[in-house]
Amino acid sequence: MNTYPIIISRNIVFKSKQTSLVSTANQIGIALGTLDHLSTSGTSSVIRILDTEPLSRITVVNSDSDILYHEVKPGDIALDISAQSLIIDALNGNDAFESSFSSGAFNSGASVPITVNGSIKGAVYVFEHDADEGAIILALQRNLGSISVILTLLTLLIGVVYSRTFTGRITKLLDGIQNVREGEYTYRVDEKGHDELTDLAEEFNSLTNRLQVNEETRRRFIADASHDLKTPLASIRLLSDSILQNGDLDTGTVHEFVNDIRNESERLARTTGQLLDLTKLDYKISITREAVDCSLVAESAVRMLTPIAVDKKIELSASYAENCIVLASEEDVYQIIVNLTENAIKYTDNGGAVSVAISGTDDSVSISVSDNGIGIPDDDLPYIFDRFYRVDKSRNRDAGGSGLGLSIVKSTAEKHGGSVSAMQREKGGMTFIVRFPLYSSEKK
């Protein structure tokens with residue numbers, strides 16, 4: 001900033017000096033060209049009537065380089081080699097100019113030929129020492145220097161303030177990361193603005209929100225899982241101790257206790273299997289997808305569950321549509337249908353009805369399971385797909401529910417790009433619908 005404006009200003013003055021001095025020298029040369037021949041007296045007479053006020057020196061030579069006129073004003077310097085070279089250039093028929101800036105002044109010289117009837121008869125050299133223009137340049141340079149110092153100090157001040165502000169905000173984020181690393185998931189960073197750090201703080205807060213939810217879910221999961229595993233184990237131990245401590249039990253009572261132990265063992269195995277299924281879903285273990293005909297899978301699931309429905313005198317019906325093909329795992333589709341249908345049978349009173357329907361549209365396949373059982377209250381509907389959630393009036397431990405089945409159905413469906421929904425029927429009971437994207441061999 002200090003150099004470029006000064007260089008540009010000097011160049012502008014140099015151009016101005018060249019134009020003005022060459023023009024002045026030409027005017028003198030033209031005036032002298034009117035003489036019949038150049039002489040000392042004639043040259044002096046002509047120059048005296050011309051306006052040469054701005055000039056510091058005027059020199060006129062003939063074609064032999066003899067000085068005919070030489071005027072040096074007070075404060076000027078002696079004739080130097082630069083002036084001599086300019087005069088030589090002029091005697092060769094060229095306009096010559098040279099200017100420099102030193103010691104706070106512009107020193108400019110110009111020389112032009114004197115032509116009489118097309119013949120070079122001599123040369124005019126003029127010189128100007130301009131301290132006024134130099135003072136302006138020096139003042140500009142001093143002002144720019146002062147401005148530079150002020151801007152430098154201001155920049156340093158702004159840099160320090162911005163640096164402290166910036167590092168302070170980063171330190172706040174680092175403190176937040178350390179707090180979260182130590183387990184304080186409720187910590188939030190309060191950042192205001194519209195820059196990248198604000199976006200980073202918002203992402204940090206969003207991450208801590210998810211971590212807090214995951215941590216709460218994890219703790220609840222461990223607590224519920226421990227309870228669900230501990231309860232059947234406690235029952236098995238109690239029944240076993242009863243058999244061992246009472247040696248005079250009759251065969252019927254022992255048979256009843258052993259049957260209860262078997263039921264609790266099955267319940268424990270079922271809960272353990274469901275926990276393993278959820279673990280696989282959480283870790284997103286890779287699976288092999290294939291074209292699965294939902295109607296064929298549903299037919300197999302219904303056939304397997306029919307004895308359970310018959311035992312409760314429940315009418316289990318099914319309808320299957322053609323070309324209901326989805327891209328999924330046959331085992332997962334089977335598990336979804338079995339879970340929903342088994343739940344419907346379990347929570348439908350004896351003599352009720354459960355229906356399974358497979359249908360399709362141009363772009364989706366639906367698996368619908370309906371029952372006329374006890375239903376689910378409206379307040380509980382938003383939470384029935386949460387892990388270990390039970391509806392007090394229907395999903396109780398006596399019925400064998402662990403609160404994991406519907407969560408597994410939802411996670412499994414979403415794993416294959418599907419969705420699940422639940423709604424109450426007008427005449428009582430529930431309808432669960434799982435939707436998958438339709439797959440055809442033309443799709444890739």
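Only this structure's heavy atoms are used, side chains among them; waters, hydrogens and symmetry mates stay out.
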Next on the checklist: Ignoring hydrogens, what is the shortest heavy-atom contact between L173 and A201? Give both atom names and the distance.
Outcome noted: CD2-CA, 3.9 Å
Checklist entry - Would the F97 and F14 ring centres measure less than 6.0 Å apart? => result no
Next on the checklist: Using the rule given for side chain to side chain donor-acceptor pair (under 3.5 Å), can you reason through S329 versus R289, listing the C-alpha separation, both sets of side-chain angles and the distance that settles it, and then say yes or no?
Outcome noted: CA-CA 5 Å; S329 164; R289 291 184 174 88; over 6 Å; no
Checklist entry - Donor-acceptor pair, D311 side chain versus P307 backbone, under 3.5 Å? => result no
Next on the checklist: Side chains of Y320 and V302, heavy atoms from C-beta outward: is any pair under 4.5 Å?
Outcome noted: yes
Checklist entry - Can you tell if the side chain of D130 reaches within under 4.5 Å of the side chain of S108, non-hydrogen atoms only? => result no
Item to check | S111 side chain to V124 backbone, donor-acceptor under 3.5 Å | outcome: yes
Item to check | Distance in Å, R210 CZ paired with T208 OG1, rounded so as to fall on 0.5 Å steps | outcome: 8.5 Å
Item to check | Under 3.5 Å donor-acceptor, N26 side chain and V22 backbone | outcome: yes
Checklist entry - Do C294 and V326 pass the side chain to side chain contact (heavy atoms under 4.5 Å, CB included) test, and can you show the C-alpha distance, the side-chain angles, and the key distance before you say yes or no? => result CA-CA 7 Å; C294 291; V326 299; 3.6 Å; yes
Next on the checklist: Within the 4.5 Å heavy-atom criterion, are V369 and S355 side-chain neighbours or not?
Outcome noted: no
Next on the checklist: With a 3.5 Å distance limit and no angle check, can you tell me whether S206 reaches the backbone of E202 through a side-chain donor-acceptor pair?
Outcome noted: no
Next on the checklist: Under the criterion side chain to side chain contact (heavy atoms under 4.5 Å, CB included), I'd like the reasoning laid out for Q335 against N339: C-alpha separation, chi angles, the key distance, then a yes or no.
Outcome noted: CA-CA 6 Å; Q335 185 183 46; N339 276 344; 3.8 Å; yes
Checklist entry - Shortest non-hydrogen contact from R164 to T167? => result O-OG1, 3.1 Å
Checklist outcome for this item: Looking only at heavy atoms, the pair that brings N94 and P113 closest together is O-CD, 3.7 Å
Next on the checklist: Within the structure provided, determine whether R435 and I433 are in side-chain contact (heavy-atom separation under 4.5 Å).
Outcome noted: yes
Checklist outcome for this item: Rounding to 0.5 Å, atoms OG1 (T341) and CD1 (I367) come to a distance of 9.0 Å
Checklist entry - Under 3.5 Å, side chain of T152 to main-chain N/O of S148, donor-acceptor pair present? => result yes
Checklist outcome for this item: Rounded to the nearest 0.5 angstrom, the CD-OG distance for Q141 and S146 is 11.0 Å
Item to check | side chain to side chain contact (heavy atoms under 4.5 Å, CB included) evaluation trace for F101 with L138 | outcome: CA-CA 11 Å; F101 179 76; L138 291 177; 4.1 Å; yes
Checklist entry - Is there side-chain contact between I308 and L305, with at least one heavy-atom pair below 4.5 Å? => result yes
Next on the checklist: Main chain of G352, side chain of N372: is a donor-acceptor contact present, judged purely on distance under 3.5 Å?
Outcome noted: no
Item to check | Atom of L327, atom of A291 and distance for their closest heavy-atom approach | outcome: CD1-N, 4.1 Å
Next on the checklist: Looking at H255, is its backbone amide N or carbonyl O close enough to the side chain of N259 to form a donor-acceptor pair, meaning the two atoms are under 3.5 Å apart?
Outcome noted: no
Item to check | Atom CD of E330: over 12 foreign heavy atoms under 6.0 Å | outcome: no
Checklist entry - In terms of side-chain heavy atoms, does T361 have a donor or acceptor partner in D363 at a distance below 3.5 Å? => result yes
Item to check | Point-to-point distance, once rounded to the nearest 0.5 Å, from CD1 of I236 to OG of S265 | outcome: 3.5 Å
Next on the checklist: Using modelled atom types and a 3.5 Å cut-off, is there a donor and acceptor pairing between side-chain atoms of K312 and backbone atoms of T348?
Outcome noted: yes
Next on the checklist: Would you compute the distance between atom NZ of K17 and atom OG of S100 and round it to the nearest 0.5 angstrom?
Outcome noted: 12.0 Å
Item to check | I314 side chain near K346 side chain, heavy-atom distance below 4.5 Å | outcome: no
Checklist entry - Between L340 and L406, what is the shortest heavy-atom contact and its length? => result CD2-CD2, 3.8 Å
Checklist outcome for this item: Contacts satisfying ring-ring contact (aromatic ring centres under 6.0 Å, His included) that involve residues 351-387 (not counting sequence neighbours) are Y383-Y389
Checklist entry - Quick one: does D332's side chain have a donor or acceptor within less than 3.5 Å of a partner on A328's backbone? => result no
Item to check | Expected output: side-chain S364 to main-chain G360 donor-acceptor under 3.5 Å | outcome: no
With a cut-off of 3.5 Å and sequence neighbours excluded, list every side-chain donor-acceptor pair involving residues 420-429.
residue: Q424; atom: NE2; partner: I376; partner atom: O; Å: 2.1
residue: Q424; atom: NE2; partner: D378; partner atom: OD1; Å: 3.3
residue: R425; atom: NH1; partner: D371; partner atom: O; Å: 3.0

Checklist entry - Around D379, counting heavy atoms of other residues, nucleotides and ligands shown, do more than 12 lie under 6.0 Å from its CG? => result no
Next on the checklist: Applying side chain to side chain contact (heavy atoms under 4.5 Å, CB included) to E128 and L21, what does each step give before you reach the verdict?
Outcome noted: CA-CA 8 Å; E128 181 185 61; L21 283 183; 4.0 Å; yes
Checklist entry - At their closest point, which heavy atom of K172 faces which heavy atom of Y187, and how far apart are they? => result O-OH, 4.1 Å
Checklist entry - So does E414 pair up with K410, basic N to acidic O under 4.0 Å? => result yes
Item to check | Heavy-atom side-chain proximity of Y4 to I6 below 4.5 angstrom | outcome: no
Next on the checklist: Quick one, Y125 and R57 - any side-chain contact, counting heavy atoms below 4.5 Å?
Outcome noted: yes
Next on the checklist: Rounded to the nearest 0.5 Å, what separates atom CD in E331 from atom OG1 in T412?
Outcome noted: 9.5 Å
